[in-house]
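A short worksheet on the structure shown next.
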Amino acid sequence: MHLSGRYAHDKRRIDLQLWGVLCLDKPREALLRTELLSSLDENVSRFRALLSDSVNADAQFRFIFCSGARLCVVYIEGMADDKKINDFILRACVRHQAAPGTRIDASYLLGNVLEIAQCEREQRVFRILASLVTGMTAILIDGSEEAILLETRGYPARQVNRTTNESVVIGAQEGFVESLRTNMTLMRRYVPSPNLITERISVGSVVPIQMVLVYLRDVADEAVVDAVRRRLKGVDARTVQGLGAIQQHIEDQPWALLPQMLQTERPDRAASCVMDGQVAMLAENSPYALIAPITLFHQLHASDDSFSRWQYGTFLRLIRIVGMLISVLLPGLYIALTDYHMHLLPLSLLGSIAEARANVPFPIVIEILIMEFSFYLINEAGTRIPQQIGSALGIVGALILGQAAVSASIISPILIIIVAITGLGNYAIPDYGFGIGLVICRLFVIACGASFGLYGFCLAAFVLSVSLCGMKSFGFPYMAPVAPARPHNPDLLVRLPIWLQRKAMYFAARRRHVENQKG
Amino acid sequence: MKLRIAHDAAAAAAFVAAAARIFVGLALDSVPIHNGVWIAALLGALPAIPYLLCLEAVQAEAQPNRPAYRMLMLLLASVALLDASEVLSVVAKTSEYLTINHVPLTVLTVPVALAALWCICRNGDAVGYAAMLWIRVFPVLLMLVLLLQLPHLHVRWLQPRLGDGWRAIANGGVRTAGWFVPSTAILFVSDRGGALPAKHVSRAWLACAALVTAPLLALRLMMAPTVVRNASWLFNLDALLTNGRAPLYLQLPMILIWFVGLLHLLSCDCFAATALLQRLFPAIDGRACAALVVLGTALLSIHDFSVALNRSAAPWVFILAASIVGLYVLVLRDSKGGEHR
């Protein structure tokens with residue numbers, strides 16, 4: 001495996017795949033590297049040591065007999081489903097009567113006794129331990145050097161529910177949840193194809209997180225899948241807190257303001273991306289999927305666009321794009337024009353602005369910064385505030401921003417309109433992270449416009465455009481298929497009828513294959 | 001850091017740069033060319049076509065160790081550097097004019113120079129693809145300008161006015177051809193092994209350039225005739241931006257085209273100069289080379305030396321570059337046992 005750059009890391013960790021090995025002391029690390037012995041007591045004592053049974057209240061070791069053979073059922077209380085363990089493991093084992101002289105080992109138990117579908121045999125101690133902490137149950141058998149791992153995960157989890165941040169008017173309403181298995185099931189439901197691959201990967205060296213790569217074989221470009229896989233395996237972190245952290249570890253340009261991967265909490269959207277040849281990443285405890293590679297246009301599209309008729313989809317998309325442009329450029333342009341180029345404003349508008357600002361003591365740039373800060377302060381407070389007192393925030397915001405600030409001549413009414421339109425434009429953007437990135441871009445445009453007028457405004461626009469065109473998402477240009485220009489479906493800024501959209505996506509394997517042959 | 005640019009990106013950058021150069025030329029050099037500016041522009045575009053085709057042939061058979069090839073690279077780098085300094089000077093002076101402020105020229109120059117440096121450090125594809133992006137925006141802005149200024153445009157003024165006669169027109173034609181030379185430098189350093197086949201890109205570029213220059217020329221032509229014989233370029237610029245008669249607030253889209261076009265031209269020139277220098281001296285790091293080029297550009301731009309030199313040398317730039325390229329192609333055919341044998 002070739003790893004380079006910031007993805008290079010300690011190869012030992014990749015090769016051994018020793019779960020939790022780095023947080024253990026030396027004797028326990030040595031235990032973890034071993035395989036099972038034939039002595040049940042010895043094996044149990046190892047697991048007691050590894051799970052710190054003396055202080056851990058939830059590690060359960062249950063000794064039973066099955067046709068005279070001594071077994072120990074090991075599981076973590078709460079993570080494993082008690083009902084499954086009682087009905088299909090304990091009861092099945094205790095009640096089973098084997099023929100005299102039968103040797104009770106792992107293969108016999110799997111074939112004749114246990115009534116759970118997903119089971120596997122395992123000898124390596126670290127693998128058994130890793131399975132136990134995720135809710136699986138292990139059966140250790142006296143006289144056997146193999147244990148049985150049984151799928152008994154049954155921890156409490158949120159039910160599939162409506163999405164909270166990516167609501168749509170028309171279309172599916174389900175959202176991802178925190179359970180990885182449920183999310184995988186959702187993906188299977190939306191992409192019912194035998195070519196759908198769900199590939200498990202563990203990320204993090206001390207407390208690893210279970211991840212799944214989801215892609216369509218023969219549709220996703222193998223080079224892209226390999227790049228995603230390589231970067232994930234190359235993450236050099238002791239712990240990884242969900243997909244947000246993963247994204248920061250593996251994106252192409254971590255210093256860029258805009259995200260180079262798409263976060264979506266909608267399984268239908270993730271499925272659509274997978275069918276276009278992109279790779280989706282799911283992780284335990286993350287109620288959304290991470291999609292790569294993407295372009296800027298993915299950040300501006302919403303699920304509604306595809307569900308609606310093409311005229312409505314196009315109209316809504318154009319509104320969104322104009323919203324984005326307003327969000328980034330309007331305050332900077334306003335400052336540039338009113339501060340430096342009054343002659344470029346029609347006289348009547350200039351008169352209105354001058355009249356509105358007559359009693360305002362601050363320069364326009366300060367005025368705008370105050371308003372921007374207040375707006376995002378209310379926004380942030382609104383996100384954190386308990387729902388019961390949420391309405392109070394609306395009153396405070398409306399009164400302070402809408403009325404009191406104008407009455408006190410701190411802010412001009414025109415500026416409130418500008419900031420309100422800007423904020424609305426920002427909220428029209430479907431991706432939350434992308435929206436925050438644009439706010440920072442906006443501050444840059446404001447700074448340039450305030451410093452040098454239209455010259456600064458154009459400079460900022462130019463720098464931002466070069467910056468966007470220099471970005472890449474897993475090696476694919478961020479502004480493709482516009483810059484560089486590539487053949488594409490009429491589904492970027494406008495969305496033409498669905499029967500005209502027959503081209504394979506820019507990322508898709510078939511398309512790459514054709515391009516390579518032509519090139 | 002190795003400076004690279006894909007051929008499609010270079011073609012887009014060269015296209016925007018050439019269009020912007022014509023735009024600048026209309027404001028700067030229309031005084032010596034007088035009213036025959038559009039005939040001069042057309043005359044200048046004609047010899048640019050064989051020059052560009054020869055340049056492609058030279059690039060296709062790249063032989064960096066040949067003295068003639070290195071001389072050509074040095075010439076293109078110098079022309080690009082000189083052009084960049086002139087553009088930087090124009091950007092700074094224009095902004096001083098527009099901001100109606102008495103900010104020192106150095107203060108206005110530094111941000112643009114830093115932006116150019118930053119763009120080069122993002123590498124050629126970022127510069128070229130940004131140009132490709134703006135190619136979609138400029139026509140919209142131009143249409144807006146034409147619509148806004150429609151009542152103030154007079155088609156009958158499109159009739160050719162020879163002004164000082166054919167001698168001035170011919171002089172202007174060669175001068176205009178010289179404007180294309182710095183823009184072609186970026187094509188010379190482009191990577192032809194890009195994702196898309198490079199066939200016919202130059203021809204497409206010329207066709208697109210013609211499409212863009214047409215409305216620009218139309219705007220210039222439909223302006224009120226200049227009666228001031230020795231008008232300053234600021235006077236000409238003001239006339240260009242507002243068509244001399246349109247209300248001032250209609251300047252806005254034209255100003256956006258002006259600044260963004262100039263910034264593209266600057267970054268394209270700086271990138272071409274840097275990449276050519278790096279090919280001449282491969283040991284130099286791209287970033288260091290870029291810093292040197294931008295510093296040189298800024299220093300040259302602060303004095304009017306580069307503007308004066310460019311103006312006096314413009315007619316000779318094309319003749320010199322075309323001669324070297326033409327001779328090189330002939331030598332190349334000889335050494336390959338070309339068809340004429």
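Proteins get letters first, then strands, A, B, ... in listed order; numbering begins at 1 in each.
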Chain A interface, residue from B:Ala9, B:Ala115, B:Cys119 that has the most non-hydrogen pairs under 4.5 Å: B:Cys119
N-O pairing of A:Arg231 and A:Asp226 below 4.0 Å: no
Part of A:Leu468 within contact of chain B (heavy atom distance under 4.5 Å): neither
Distance under 6.0 Å and angle within 45° of ring axis: B:Arg122 vs B:Phe271: no
Part of A:Leu459 within contact of chain B (heavy atom distance under 4.5 Å): both
Pick from A:Ser465, A:Ser451, A:Gly456, A:Cys448 with the largest number of heavy-atom pairs that fall under 4.5 Å of chain B: A:Ser465
Partner chain A: residue of B:Val260, B:Leu263, B:Leu133, B:Leu256 with the largest heavy-atom pair count (under 4.5 Å): B:Leu263
Lys/Arg N to Asp/Glu carboxylate O, A:Asp305 vs A:Arg317, below 4.0 Å: yes
Ion pair check, A:Arg357 and A:Glu367, cut-off under 4.0 Å: yes
Presence of salt bridge, B:Arg21 and B:Asp269, under 4.0 angstrom: no
